[in-house]
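Notes to accompany the following structure.
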Amino acid sequence: MARIAFHLEIADGKRDAYREKHENVPDALESAYLESDAGLETYSVFEKDGHVFGFMEVEDPGAIQKVMQESEAQAEWAEEMEGITLESDDSWMDEVYRMV
């Protein structure tokens, strides 16, 4: 099981908009992730003071990356989030420690 994490920043004054969008994540976006061949087990998003930390556990990171890059639902979500989140390099964070 691979664990993936990422960091985003919310644009100034857009924190409420960010949280509101996540109250109603589109079913099509959730389906794109859940119905992929990635074997998604967990996908959580945390936010504090405009910093967003995302975490997921997947069987196939390449398959989840394909959803992120190629799915229509993800592209539509990115359009909805435009101006709410700041540009990022879309890179995943390196895991440096884990306690089991």
*Side-chain (E47) to main-chain (G50) donor-acceptor, under 3.5 angstrom*: yes
*Joint cluster assignment, M56 & L34, ILVMFWY side-chain distance < 4.5 Å*: yes
*Classify the angle between the aromatic ring planes of F6 and Y43 as parallel (below 30°), tilted (30 to 60°) or perpendicular (above 60°).*
perpendicular
*Within a radius of less than 6.0 Å around CG of D37, do more than 12 heavy atoms belonging to other residues, nucleotides or ligands occur?*
no
*Measure the spacing between NE2 of H51 and CD of E9 and express it to the nearest 0.5 Å.*
4.5 Å
*Between I64 and S36, which heavy-atom pair has the shortest distance, and what is it?*
CD1-OG, 4.2 Å
*If every non-hydrogen atom of V58 is compared with every non-hydrogen atom of L40, which pair is closest and at what distance?*
CG1-CD1, 3.5 Å
*Minimum-distance pair of heavy atoms, taken over all atoms of Q74 and V67*: CB-O, 3.7 Å
*Would you sort out whether F53 and V45 count as a side chain to side chain contact (heavy atoms under 4.5 Å, CB included), showing the intermediate values?*
CA-CA 6 Å; F53 172 77; V45 177; over 6 Å; no
*Side chain of S71, backbone of M68: donor and acceptor closer than 3.5 Å?*
no
*Does any N or O in the side chain of D89 come within less than 3.5 Å of the main-chain N or O of S91, such that one atom is a donor and the other an acceptor?*
yes
*Shortest non-hydrogen contact from P61 to W92?*
O-CH2, 3.6 Å
_Atom pair NZ/CZ of K48 and R15 - distance to nearest 0.5 Å_ = 8.5 Å
*Might you point out which heavy atoms bring A28 and A73 nearest each other, and give the distance in Å?*
O-CB, 3.5 Å
*Any chance you could lay out the side chain to side chain contact (heavy atoms under 4.5 Å, CB included) test for F46 and V52, step after step, and finish with the verdict?*
CA-CA 6 Å; F46 303 86; V52 175; over 6 Å; no
*Quick check: are there more than 12 heavy atoms from other residues, nucleotides or ligands sitting under 6.0 Å from CD of E95?*
yes
*Might you point out which heavy atoms bring E80 and P26 nearest each other, and give the distance in Å?*
OE2-CG, 4.2 Å
*asked:* I'd like to know if V25 and I4 are part of one continuous hydrophobic network [Ile/Leu/Val/Met/Phe/Trp/Tyr, side-chain heavy atoms within less than 4.5 Å].
replied: yes
*If you round to the nearest 0.5 Å, how far is CG of N24 from CG of L29?*
12.5 Å
_Please check if the number of heavy atoms outside Q69 that lie under 6.0 Å from its CD is greater than 12._
yes
*From M81 CE over to L86 CG, what is the distance, rounded to the nearest 0.5 angstrom?*
11.0 Å
*If you measure from CD on E20 to CD1 on I84, what distance do you get to the nearest 0.5 Å?*
9.0 Å
*Give me the ring orientation class for W77 and H22: parallel if the planes are under 30° apart, tilted from 30 to 60°, perpendicular past 60°.*
perpendicular
